[in-house]
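In what follows, a structure is listed as structure tokens, so that the remarks can point back to it.
Chain naming here is simple, since letters A, B, ... match the order of the sequence lines and numbering starts at 1 in each. Keep in mind the model is a prediction, meaning the values are calculated, not measured.
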Amino acid sequence: MIGLALRTWPYMKPLLAHLILLLGLAGIGMVSGMAGIFVGADLFLNKVLVGEKLQPLQATVLFVGDEYVTNDPRQLGESGENLKADEGISIDGASVELDPEEQLTSDQRRTVRNRFILWGLAGGIFTTLLGFGSWYYSTWIWQSVNQNLRVSMIERAESLSLRYHDQARVGDAIFRVYQDSSMIVNLIQGAIVSPLMTAFSLLFAFAVVIAFDPLIAGFALIAAVPFVLLLIKSTRRIQRRALANRVANSNLTSHIQESFTAVKVLKVNGSEPQIHKQFDKDSNRALDAAYHLRLDMVLLTLVIAFIGGILVIGSEYVLAHWVVDERETFLGAAVAALIGFAIWNLAAFEIARGRIESVAGSARFLLGIWMRMQDLFIALRRAFDLLDTPLEVTESSTPLPYPDPIQSVSWNQVSFAYDAEASPVLANLSLRAEAGTVTAIVGATGSGKSTMMSLLLRLFDPDDGEVCINGIDLRDLRIDALRQNCAITLQKNVLFNETVANNIAFGAGRVSRSEIERAAEIANADSFIRALEKGYETELGERGGKLSAGQRQRISIARAVVRNTPILILDEPTASLDARNEQRVLANLASWGTDKIILLITHRLSTIQNADQIALLEDGLIKETGTYDELTTRPAGRFAAFAQSELIGDATRSVS
Amino acid sequence: MTDSTAPESSNQETRSSIFQEVIGKNEFDDRIDTQSDLNTLEALRIIGRSLRQISSEPKLFSAKVILELGLIVPALYLPWLGKIVIDNVLQQQPFNTTEIEFPPFMQPVLTIVQDQDPLQIMLTVSTIFILGMVVLGMRTYGLSAGLHEGQDAATQAENRISASYSEGSGLWGLAAFMVGVRLTQRLASRLRTRLFERLSRMPMSKLDDQRIGDSIYRVMYDVPMAPDLFLQLTIVPFFMMLNAGINLYVLQYSYGEVSPELIWIAWATVPVAFLITFPFSGAIRRTSQNKRAAGSATTNAMEESVSNVAAVQSLGATGEQSSRFADRSEESFRRERYFIAVVIVCSCIFAAVSGIAGIYVIILVSDLIIDGVMSPGDYAALIGIFWSIAMPAAYLGAYWIKIQDVIAAVRRVFFFMDFESEEDHKDGDECTVIERQITFENVGYSYPNGTRALTDINLSFKFGDLVAIVGPTGSGKTTLAYLIPAILQPTSGRVLIDGRDAREFNIESIRRQVSYVLQEHTFLSTTIRHNLLLANPNATEPQMFDALETAGCVDFVAELPNGLDIRLGRGGDTLSVGQQQRLSIARGLIRDAPVLILDEPTAALDPQTEHFLLRSLRRAAEHRLVVVIAHRLSTIRQADQIVFIEDGRVQETGTHNELMVRSTSAYREYVELQNVAT
């Protein structure tokens, strides 16, 4: 727990000055509030209501003359010390007989009252403003702390390898970044200040009880045994419940997210009823988890309340006997000045009872704090688990400058498996692509074509071998520099719920509108974009849902073009395009990218005929490389067979 | 009544002023729910509607009321038992010496203790205390089990959805508390399941505008506020008033002399507080909407970037995405503070009013004491009683303003409950088996923004045919196909199913007859088996393997560690894109519906698999209608009918051979182009 609490430090540190100031304000508020209550209670109860004369200081503060001031040396001797006891007595109406000389007149009492009210008003305004001010201030501080944590969690999530993301659910990340991280705002109050203050008030009440009678204190100690045992016993259980609650809610979030991501699939399959049933189940599971957590918390509270109640009622029973017997209090005689009760009487009973109740109440409060703290730390643990998930792809500590100009990229005896147990996707693969050439990579579905590109972008690092640019291992380069110098059209055309222009410029940093339009022209997208309602400013729907697949693909190509990087990766760039569009796009790309390294992944023979180099990927390695003509004429070549099957397809069509 | 907040008509240039910034209408990435302002009447309507929700849980609701009523008992007895302890035990007075009479409900206790000596009385009272504590929580505080909360509305939702309170503890209080938790949960659960259903059944044309993050926010974080509104409207004020009534009775009973004035003051706070806070209600609602809108945007930024993390990383945009999230998150926190600022201003004014009332009472009471009418001891009692009446009165006065935040959240829930949904067509006839044809009659389709996608479509698809829809990208092929299972509804003309207008049928029953393989492939992150079952809950294992075989999935499924039972990662990304496409085809095949639609099925297939698929499609088409959207000639040629679409109009229909011999055929031009490409 302590370790976890210390880990939050980096997120609080930037606000340290504010935190200290806030603590100071809270301190001022508390002290002035307490002082106001003590002084005010004395002034109002004893002076206004009962009519005692004032202390000299009180008179000065209230701007009244000497006639208001007491002459009683007893009163003068002890200033504020015995106010509490006085207060208790005054309220009970059992005030000591007073010398009429020592009484304020009715008019004087009214004056004192009116001036007291003015002071009270000022004080009230001050504390109200201070209170609301620090509410706003503390909100801002904790929001900023939370913001720091949130952002670093999202940064982490964004840079975790796809291996992590392929296993994790999106809702889980949302829940951790949102819900779990928010608990950091309660750390200081919930895990440090409140427990300490409650423990302090518990000890204080306990000390007073000892002063009254050690026997009662003994009762309290005995009652503490089951309390502590219960606390220890139940901690694990509460933690389990709190975790279950968070997991269940995180799953529910995932369920919603996934359902809406796949909403079209659900619609066309008419699977809504199934999904709704599942949602209801997940929702109820989450609610049950919350229910059981609360049931445990309340049950525990109840048991502790019973122990406390028995302590209080039992003590009262004993005290009642003592009052009837007029027994002497323990330290009563010794510290009469402080407590003022030498023997057990009604007032002593009331005050002692109040302290015992306060012991029981504090214990119960402490329990509540403890239980909530378990949930708090479970949440922080989950938040930091995300931050602690090791990055697979790590930044080199001494990165080399990014090479310029780029002459080649090469895979040197690269092996890679997504899963240590599964068979490797790439096994000892080697390939080299030069600047100014187009390299086409062909191969069956799932043969590892996209994986090769993922390695080039360092979405993963190879298990063996190296991927190099100009002969420099990618691991020696900065990840950002690397990715910013590559452009890729993804196989799954990911578009964001943004304008067309922003979608094209996504990830490209600062690009001008004319560059965006130029890129769209190359991708043969300019004309359809201009035909849209608001042209380049048209908002695309969720996941670009308002465009057809072919249009999305062209935007994705424009996005790669606008980056204008020396390496261009086209992963099935034209799968959704019709022949006319495909030809135009490919021709545009060819004339635009003459000095670049172009890597082209495709099924279509039409796309690769003009490639400078074709590489056939099979069984995790490059089986053949060469130009289209070389490969198709190679006797018993694998590529020749591959191309043949495509051509046969056409041949059979012509016949039919 | 009009709200006193910045009027909507205020000019754009004042938008940057702090006033506008704080309480102006600030949307955030919203596309559908853009008219979020509520006037008082609408707010009242939302309240009325919320109240009706209570009727869905009559048992829990009445149980909660009865249990809470029981918890009043300790409060009734406690003062009198305390009096016995002080007077008859500690002071050792006999009974009936004071003029104050015990109320009738104390009689049973009195008959026991009447003749006992003080210590015996103490034993009796202590026994009553202990029993009362165990059963009714006498002498212990009420129960609560709230968890810590964050600093924005989203992170406070967990506590809301399981919110409960109990005035007392003990076994009775435990029951009252847990019944309360269940009541809140059930009310919320009903609402959120309903909202989720409505959202997922929104028409596709609207879903494109609905951000996933916003849906998450509404279902997870707005709904939990709703039960609070129900309870704030019913149980809470009921007990507040009951409590006030009891105190009123005590006040009248013991302090009849001064009470009229005190009661007057206490109750005067109701209209005063109401009138003073009322002008803020619009501002509170609006800042609350604003903070929630920004929360939605934050959730969405997070969802979008995590969900698309592969793209984000590939494009080197992690920094960009993080800062996008940071901006939204910052804005949502800021708007949270704006909301708090309005609450603070409101509270300050409220505090001033109650402060003045309090001071007046102090003057009144202290005058009486100074004049010797009352003893100083009466002061504490009187002030205590005054506050116990003034508090509920103040609560009542601030009531309206308090529920505005909740109303704002509930509005966001109700908005999508009322929004267009396919469920609204549920009352149509059941579409049994489609067996003859699907006809398009003068069909046109325009997107909500007015863009025309299809014009004057007149087509007839016969059963037993393989129909290919062909045309350049963006020509409207997919839109046309969407009209068949009513994913989109024609904006003009009609689609006939076996001669009857499709609109007469309920949508779900049409979709049961259609199996649709989408161009984009998404999977739930469960097992392959479960994803297949989603399409056909009754599919057997052999059927699954048949479908997998036809779609060319068997090889890679066999290689997976758990075969069909492997969990797919986020969106299916443990598989390569090509594999996902094939699996998506398998999912379409397994449905075994009379109409099979495939949108670009072969783009990801290698030639062999494509042949295999086409062969089985031809076979399937014998008793079905198969509609294929395709670019590839190899697929198109197999079709019995080719529909060539360009710019949303049908240019030509016919078989491949028919179309190829026409002299001015757009189709032929299209095919020839493709041949050049190959």
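The parts of B:Leu147 that come within reach of chain A are both its backbone and its side chain, each placing non-hydrogen atoms under 4.5 angstrom from that chain. At a 4.5 Å heavy-atom cutoff, the contact between B:Phe325 and chain A is made by side-chain atoms alone. For B:Leu123, the parts lying under 4.5 angstrom from a heavy atom of chain A are both the backbone and the side chain. For B:Ser475, no part lies near chain A; criterion is any non-hydrogen pair under 4.5 Å. When heavy atoms are compared at a cutoff of 4.5 Å, B:Gln313 approaches chain A by way of both its backbone and its side chain. Contacts between B:Arg512 and chain A at a heavy-atom distance below 4.5 Å are absent for every atom of the residue. Looking at B:Gln91, only its side chain comes within 4.5 Å of chain A, counting heavy atoms on both sides. Neither the backbone nor the side chain of B:Val517 comes within contact range of chain A, judged by heavy atoms closer than 4.5 Å. Using a 4.5 Å cut-off between heavy atoms, B:Ile487 contacts chain A through its side chain alone, with no backbone atom that close. Only the side chain of B:Glu320 comes within contact range of chain A, with heavy atoms under 4.5 Å apart. Heavy atoms closer than 4.5 Å to chain A are found in both the backbone and the side chain of B:Ser162. When heavy atoms are compared at a cutoff of 4.5 Å, B:Pro485 does not approach chain A at all.
Scanning for ring pair (Phe, Tyr, Trp, His ring centres under 6.0 Å) contacts around B:Phe177 gives an empty result, with sequence neighbours left out.
Salt-bridge check for B:Arg139 with A:Glu316: passed, with a basic side-chain N closer than 4.0 Å to an acidic carboxylate O. With respect to the salt-bridge test (charged N to carboxylate O, under 4.0 angstrom), the residues B:Arg511 and A:Glu272 qualify. Salt-bridge check for B:Asp367 with A:Arg109: failed, with every basic side-chain N at 4.0 Å or more from each acidic carboxylate O. A salt bridge links A:Arg110 and B:Asp371; the closest N-O separation between the charged side-chain nitrogens and carboxylate oxygens is under 4.0 Å.
Taking both residues in full, the closest heavy atoms of B:Arg201 and A:His276 are given as NE-CE1, 3.6 Å, listed atom of the first, atom of the second, then distance.
For the residue pair A:Gln143/B:Gln151, the side-chain donor-acceptor check at 3.5 Å is not satisfied.
Rounding to the nearest 0.5 angstrom, the gap separating the CG atom in A:Leu547 from the OG1 atom in B:Thr478 is 11.5 Å.
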| Step by step, would you call A:Arg294 with B:Ser164 a side chain to side chain donor-acceptor pair (under 3.5 Å)? | CA-CA 10 Å; A:Arg294 278 163 176 90; B:Ser164 181; over 6 Å; no
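Taking the six-membered ring for Trp and thresholds of 30 and 60 degrees, A:Phe279 and B:Phe196 have nearly parallel ring planes, at less than 30 degrees apart.
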